[in-house]
Amino acid sequence: AKLRALADLQNYQRREAENKKNWSQFAIAEFLKNFFPNLLELQLGAEHAKNKDLEMVVTKFFQNLEKQNVVRILPQKNDPVDPEIHDVIMAAEGKSGTIVQVFEPGWKIENRVIVPAKVSAG
């Protein structure tokens, strides 16, 4: 009975740790969904203004995100469309089932897609 109680306790602790991890990732993902559009606007503004200092700040944002296992999904033209990581928002002239243009990168944390990349496809 003592071993059974210990096994039950260990199973409970494992489940609770997994629940906390899932909840934490969900909260982070929700925050990042709201953060990414602002980061992309900042990046475009820095590039448009040709402001090297601001571009360096944006680069540091990307580097810090990568340190936390948050990475950009950067599809390329002619890549096959993958509905898991690409959101086709527009049809375009091109080879069927392939990316024609990338409008916005996507984002994932570890292997979980937070925001799919926005693309047009043939």
Heavy-atom pair of closest approach, residues Lys21 and Glu110: NZ-OE1, 4.3 Å
Measure from the side-chain N and O atoms of Asn34 to the backbone N and O of Glu30, and report whether any donor-acceptor pair falls under 3.5 Å. yes
In this structure, CE of Met56 is separated from CD of Gln63 (nearest 0.5 Å) by 10.5 Å
Given 3.5 Å as the limit, does a donor-acceptor pair link the side chain of Asn22 with the main chain of Asn19, or not? no
Please tell me whether Val102 and Val71 are part of a single hydrophobic cluster in this structure, the criterion being side-chain heavy atoms less than 4.5 Å apart. no
Test of understanding: clusters of I, L, V, M, F, W, Y form through side-chain heavy atoms closer than 4.5 Å, transitively. Do Val57 and Phe62 belong to the same one? yes
Going hydrophobic residue to hydrophobic residue with side-chain gaps under 4.5 angstrom, can you get from Leu32 over to Trp107? yes
Count the heavy atoms of every other residue, nucleotide or ligand shown that sit under 6.0 Å from CZ of Phe35, and state whether that count exceeds 12. yes
Contacts of type side chain to side chain donor-acceptor pair (under 3.5 Å), residue Glu93, not counting sequence neighbours: none
Indicate, with yes or no, if Phe61 and Ile73 share a hydrophobic cluster defined by side-chain heavy-atom contacts under 4.5 Å among Ile, Leu, Val, Met, Phe, Trp and Tyr. no
Shortest non-hydrogen contact between Val81 and Pro83, atoms and distance: O-CD, 3.8 Å
If I take atom CG from residue Asn69 and atom CZ from residue Arg112, how far apart are they, to the nearest 0.5 angstrom? 13.5 Å
For Asp82, all residues meeting side-chain contact (heavy atoms from CB on, under 4.5 Å), sequence neighbours excluded: Glu84, Ile85, His86
For the residue pair Gly94 and Val100, what are the closest heavy atoms and their distance? CA-CG2, 4.1 Å
Does the side chain of Asp8 reach to within under 4.5 Å of the side chain of Arg4, using non-hydrogen atoms? yes
Is there a path of hydrophobic side-chain contacts, each under 4.5 Å between heavy atoms, that joins Val115 and Leu65? yes
Can you tell me how far CG of Asn38 sits from CD of Gln43, rounded to the nearest 0.5 angstrom? 13.0 Å
Rounding to 0.5 Å, atoms NZ (Lys95) and CD1 (Ile99) come to a distance of 12.5 Å
Does CG belonging to Leu9 count more than 12 external heavy atoms closer than 6.0 Å? yes
